[in-house]
Amino acid sequence: MSGPFLTYTKARSLDEALGLLQLQPARIIAGGTDLLLEPRHGGCPYHVIDISRVAELDGIEFNMAEVRIGAATRMADIAGCDRLSGSLAVLAQGAAQVGSIQIRHQATLGGNLCHASPSADTAAPLLALDAWLEIASAYRTRQLPLKEFFFGPGQTALQAGEVLSHVVIPQPSPSATGEYVKLSRRRAMDLAIVGVCVVLERLGGRPDPRIALAAVAPTPMRAELAEAWLRHSEPWDAATLHQAACMAAEASSPIDDIRGSAAYRREMVRNLTERILGSLVSQVVELRSV
Ligand SMILES: Cc1cc2nc3c(=O)[nH]c(=O)nc-3n(C[C@H](O)[C@H](O)[C@H](O)COP(=O)(O)OP(=O)(O)OC[C@H]3O[C@@H](n4cnc5c(N)ncnc54)[C@H](O)[C@@H]3O)c2cc1C
């Protein structure tokens, strides 16, 4: 075979893919929307294992405790899933903003996470939903909180022989709410300059605010100090929300690049975080007064 691939094998099951990974080092391909762009920038040919047609890795399952999403589930299926409602809607909002319709019918959730771009549109929503990962190898399946998965741009906790098999989200409480906002230079086909996702939930009667940021640090991240401030500062008035937004901006470490300056990105973290928090808090207050 010519091109970047030494060999190309379409796996029919997760076990088959894991077995093939034992035989020789190989790259996993799912939608290929990131991987197939890589050779343009140089690199040696490699073996690939295609998991895009592995049925057990495709689909969204709901039960009382969690939502389990196969790594090869396409963005279009996530964006169009009506059952991703309440705070879970933030994931559908993120998936709906990936590339174009064509890209979303090809691109997978697992590929978005494993490519480990700081601006990945599903990463901030999943971090704010406290998602964790199931990572399989021929010898074991391990579980890892998503916030421990990203090491740096293009770098993850995945080890040789491992495949991300599922993304798992604990079922949020019915009253939980959230929003993901992506700021980009144009409406479609552009990566985020800044992505902010906020999820508000009450656990055991106490507030559990979660703020996740994309494109403003080497990895997608949680603004944990801002979250802690909110946890201990009820009731939430405008000054409290402003302070939390400033703390989120302070926690970010953006770079200057073609999409925006570091100073602009930091200011947009503050602006978007404050806006989303204000909007979510007013929704919660309106709901309580109905
Ligand atoms: C025109 C265009 C626009 C885009 N716009 C956006 C955008 O707006 N927002 C955004 O977030 N992204 C965007 N992307 C990037 C890309 O579409 C997404 O990151 C997509 O989700 C990647 O999924 P994939 O299935 O195509 O991954 P692939 O290209 O198949 O794989 C990506 C990487 O992950 C690894 N991998 C994939 N699946 C697994 C697995 N299950 N286990 C282990 N490793 C795995 C591969 O080996 C590879 O290193 C865009 C891409 C293009 C080409």
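Just so you know, ligand 1 is whichever comes first in the structure, and atom 1 is the first atom listed for that ligand.
Close approach of ligand 1 to Leu158 (heavy-atom distance below 4.0 Å) involves ligand atoms 43 (C), 44 (N). Within ligand 1, counting atoms from 1 as listed, the ones closer than 4.0 Å to a heavy atom of Gly31 are 24 (P), 25 (O), 26 (O), 30 (O). In summary, the atoms of ligand 1 found under 4.0 Å from a heavy atom of Met75, numbered by their order in the structure, are 21 (O). Of all the atoms in ligand 1, the ones that sit under 4.0 Å from a non-hydrogen atom of Val163 are 41 (N), 42 (N). For ligand 1, the atoms lying closer than 4.0 Å to a non-hydrogen atom of Ala120 are 11 (O). Atoms of ligand 1 lying under 4.0 Å from at least one heavy atom of Ala30, given by number and element, are 25 (O), 30 (O), 38 (N).
One option in Asp190, Thr156, Asn112, Ile28 has a heavy atom closer to atom 39 (C) of ligand 1 than any other, and that option is Ile28. Among Arg27, Lys182, His115, the residue whose heavy atom lies nearest to atom 49 (O) of ligand 1 is Arg27. The option from Ala17, Gly70, Gly111 that lies nearest to atom 31 (O) of ligand 1, judged by heavy atoms, is Gly111. Considering only non-hydrogen atoms, atom 30 (O) of ligand 1 lies nearest to Gly32 out of Ser119, Ala95, Ala71, Gly32. Atom 35 (C) of ligand 1 has its nearest heavy-atom neighbour, among Gly99, Ala72, Cys114, in Cys114.
Nearest to atom 29 (O) of ligand 1 among the protein's heavy atoms is Leu35 N, 2.7 Å. Of the protein's non-hydrogen atoms, the one nearest atom 42 (N) of ligand 1 is Leu164 N, 2.9 Å. Among all non-hydrogen protein atoms, the one lying nearest atom 52 (C) of ligand 1 is Ile103 CD1, 3.8 Å. Among protein heavy atoms, atom 26 (O) of ligand 1 sits closest to Thr33 OG1, 2.6 Å. Here the protein heavy atom with the shortest distance to atom 1 (C) of ligand 1 is Met189 CE, 3.6 Å. Looking only at heavy atoms of the protein, atom 21 (O) of ligand 1 is closest to Thr108 O, 3.0 Å. From the protein, the heavy atom lying nearest to atom 11 (O) of ligand 1 is Asp121 N, 2.9 Å. When hydrogens are left out, the protein atom nearest atom 19 (O) of ligand 1 is Asp34 OD2, 2.5 Å; that is the closest non-hydrogen contact.
Assignment of Arg74 to the shell around ligand 1 is not supported, since no heavy atom sits closer than 4.0 Å.
Nearest heavy-atom pair, Ser87 versus Val199, reported as atom, atom and distance to 0.1 Å: CB-CG1, 4.0 Å. Closest approach of Arg222 and Leu127 over heavy atoms only: NH1-O, 2.9 Å. The two residues Pro118 and Pro218 have their closest heavy-atom pair at CG-O, 3.4 Å. The shortest non-hydrogen separation linking Ala30 to Ser52 is O-CB, 3.4 Å. When every heavy atom of Ala92 is checked against every heavy atom of Ile78, the shortest pair comes out as CB-O, 3.6 Å.
Between Glu38 and ligand 1, not a single N/O pair is under 3.5 Å apart. Every N/O-N/O distance between Leu191 and ligand 1 stays at or above 3.5 Å.
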Asp208 vs Arg210, test: salt bridge (charged side-chain N to carboxylate O under 4.0 Å, His left out). Steps then yes/no. CA-CA 6 Å; Asp208 184 25; Arg210 290 175 238 133; 3.0 Å; yes
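At distances below 3.5 Å, at least one donor-acceptor pair connects side-chain atoms of Glu227 with backbone N or O atoms of Ile211. Looking at Gln106, its side chain never comes within 3.5 Å of a backbone N or O of Gly32 through a donor-acceptor pair. Judged purely by atom type and a 3.5 angstrom limit, Glu201 uses its side chain to pair as donor or acceptor with the backbone of Ser173. With Glu148 contributing its side chain and Pro145 its backbone, the two residues share no donor-acceptor pair below 3.5 Å. A donor-acceptor contact shorter than 3.5 Å links the side chain of Thr73 to the backbone of Gly59.
When non-hydrogen atoms are compared, ligand 1 lies under 4.0 Å from the backbone of Gln97 (N, CA, C, O) but not from its side chain. For Leu109, no heavy-atom contact with ligand 1 is shorter than 4.0 Å.
Comment: Arg140 engages Glu162 in a salt bridge, judged by a side-chain N to carboxylate O separation of less than 4.0 angstrom.
Expressed to the nearest 0.5 Å, how far CD of Gln97 lies from NZ of Lys182 amounts to 5.5 Å. Going from atom CG of Leu280 over to atom CD of Glu179 covers 6.0 Å, rounded to the nearest 0.5 Å.
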